[in-house]
Amino acid sequence: MKISPIIIALLLLPCFALFSQNDVSKDFTLQEFSIPKVSIRAIETLNNHTVWFAGSHGKFGKIENNKVKVDSIKYQDKFPFFRSIAYNGKNIFMLSIENPAVLYKINPAKKDSKPEVVYKEVGEKVFYDAMTFLDEKHGIAMGDPTEDCLSVIITENGGKSWQKVDCKNIPKIIEGEAAFAASNGNVAFNGKTVWMVTGGKKARVYKSNDFGENWKVVETPMVQGGKMTGIFATDFYNSKKGIIMGGDWDAKEKTQGAKALTHDGGKTWSLVGNDSAPGYIS
């Protein structure tokens with residue numbers, strides 16, 4: 001959705017903090033990095049000493065060995081707005097949100113590597129929300145509908161090329177249903193299974209068992225019906241156990257219908273914590 005709730009407030013500050021923990025029995029450590037004039041909207045960890053980030057106004061960069069480097073990029077004299085970043089073990093991918101949506105690939109191992117465009121999509125309704133890689137070869141990005149289904153693009157060759165999935169393979173959306181640009185929070189995977197979540201008039205979970213080529217959808221008991229209600233984030237512990245979280249952006253204190261669990265891979269969902277915090281979360 002073009003009204004984009006922020007997943008992590010810390011990422012929008014001129015300086016943001018990274019938490020690290022070497023062992024579950026030890027305390028977390030906190031280190032702040034000053035990155036002025038950058039609105040960071042998505043981060044990706046490469047290893048113990050390198051984090052990449054992407055954000056608004058074409059800004060992207062990395063923190064490596066406690067040193068910050070910020071770059072910017074234009075596409076046809078326009079600064080892209082990034083909400084998604086992913087790493088497949090070889091390359092970093094950054095996806096901008098709206099018309100034209102542009103997907104860049106960059107090799108972090110090469111010192112002077114420049115972002116390369118590997119996919120672009122032009123259209124008034126184009127708006128991409130999240131992206132992830134399931135393994136080195138298979139990647140997926142999802143976004144708001146441009147036709148009568150959610151937009152889904154996939155790669156099977158490590159991000160060299162991307163194809164948009166035909167709407168005949170994706171259940172039709174309900175009018176007023178879309179996805180939130182929740183800083184990469186609304187897509188998750190386990191093995192070759194992928195889940196993506198929606199909000200608005202309907203809060204539903206879409207599931208694919210074949211790397212995103214074919215989809216089914218299920219209803220959820222999450223709060224829904226408003227423009228800014230529904231599911232903002234999902235994650236899966238394994239192929240069966242998963243969580244969806246969200247709520248009402250306009251009434252963040254409300255805890256009803258903001259959290260749900262599945263124990264059958266997303267076939268059914270049960271609300272949890274209806275009377276306890278947090279309320280809205282992404």
Side-chain angles (χ1 to χ4, degrees), residues 1-13 16-19 38-45 51 53-56 81-86 94-98 127-132 140-145 150-151 173 176-189 194-207 218-237 241-262 266 269-274 276-282:
M1 288 183 178
K2 294 185 178 181
I3 302 175
S4 306
I6 311 309
I7 185 172
I8 304 175
L10 282 173
L11 299 185
L12 297 178
L13 300 176
F16 76 94
L18 291 179
F19 295 84
V38 178
S39 175
I40 298 173
R41 304 301 292 270
I43 60 175
E44 181 75 14
T45 301
V51 172
F53 55 83
S56 299
F81 281 68
F82 297 114
R83 295 293 183 274
S84 305
I85 189 170
M94 305 179 299
L95 177 60
S96 65
I97 51 176
E98 55 190 341
F127 197 94
Y128 279 92
D129 300 290
M131 174 176 57
T132 191
I140 182 172
M142 61 85 69
D144 290 353
L150 291 175
S151 294
I173 61 159
E177 177 187 16
F180 296 109
S183 297
N184 241 21
N186 44 16
V187 62
F189 72 92
V194 193
W195 297 265
M196 55 186 182
V197 297
T198 62
K201 295 296 183 181
K202 277 288 185 178
R204 302 197 292 176
V205 175
Y206 292 73
K207 180 180 180 180
V218 299
E219 304 284 338
T220 76
M222 296 283 282
V223 61
Q224 52 199 284
K227 190 174 183 179
M228 297 300 293
T229 59
I231 311 169
F232 286 73
T234 183
D235 204 3
F236 273 75
Y237 176 72
K241 298 179 180 180
I243 187 170
I244 50 178
M245 302 190 78
D248 189 342
W249 168 256
D250 293 318
K252 299 179 182 64
E253 73 284 354
K254 292 184 177 180
T255 58
Q256 289 76 24
K259 307 169 284 289
L261 295 176
T262 182
W269 295 86
S270 301
L271 291 175
V272 294
N274 250 350
S276 59
Y280 163 81
I281 192 171
S282 73

In this structure, CH2 of Trp195 is separated from CD1 of Ile231 (nearest 0.5 Å) by 14.0 Å
Sorted by chain and residue number, the side-chain hydrogen bond (donor to acceptor under 3.5 Å, both in side chains) partners of Lys207 (sequence neighbours excluded) come out as none
Between Ala181 and Arg83, the two heavy atoms sitting closest are CB-CG, 4.2 Å
Gly200 backbone acceptor or donor facing Lys227 side chain under 3.5 Å: no
The side-chain hydrogen bond (donor to acceptor under 3.5 Å, both in side chains) partners of Thr220 (sequence neighbours excluded) come to none
On a heavy-atom basis, the closest approach of Asp144 and Ser151 is O-OG, 2.8 Å
Evaluate Phe82 against Ser96 for side-chain contact (heavy atoms from CB on, under 4.5 Å), listing each step before the verdict.
CA-CA 4 Å; Phe82 297 114; Ser96 65; 4.2 Å; yes
When rounded to the nearest 0.5 Å, the distance separating CD of Glu177 from OG1 of Thr198 is 3.5 Å
CD1 of Ile43 to CZ of Phe53, rounded to nearest 0.5 Å, is 10.5 Å
Leu271 meets the side chain to side chain contact (heavy atoms under 4.5 Å, CB included) criterion, sequence neighbours left out, with Pro221, Met222, Ala260, Asn274
Sorted by chain and number, sequence neighbours left out, side chain to side chain contact (heavy atoms under 4.5 Å, CB included) with Thr234 holds for Ala188, Val197, Phe236, Ile244
Residues passing the side chain to side chain contact (heavy atoms under 4.5 Å, CB included) test with Ala130, sequence neighbours excluded, are Met142, Asn184, Asn186, Val187
Closest heavy-atom pair, Lys252 versus Trp249, reported as atoms and distance to 0.1 Å, is NZ-O, 2.7 Å
Distance col, row Met196:CE vs Ile140:CD1, nearest 0.5 angstrom, shows 6.0 Å
By side-chain hydrogen bond (donor to acceptor under 3.5 Å, both in side chains), Glu219 pairs with (sequence neighbours left out) Lys202
Scanning both residues in full, the closest heavy-atom pair of Gly279 with Ala258 reads O-CB, 3.5 Å
Heavy-atom closest pair (Val223 atom, Gln256 atom, distance to 0.1 Å) is CB-O, 4.1 Å
Residues at least two apart in sequence or cross-chain that pass ring pair (Phe, Tyr, Trp, His ring centres under 6.0 Å) with Phe189, listed by chain then number, are none
Here the gap from Asp248 atom CG to Tyr280 atom OH, rounded to the nearest 0.5 Å, amounts to 10.0 Å
Applying side-chain hydrogen bond (donor to acceptor under 3.5 Å, both in side chains) to Tyr128 and not counting sequence neighbours gives Glu121
For Ala277 and Lys259 the tightest heavy-atom approach is C-NZ, 4.4 Å
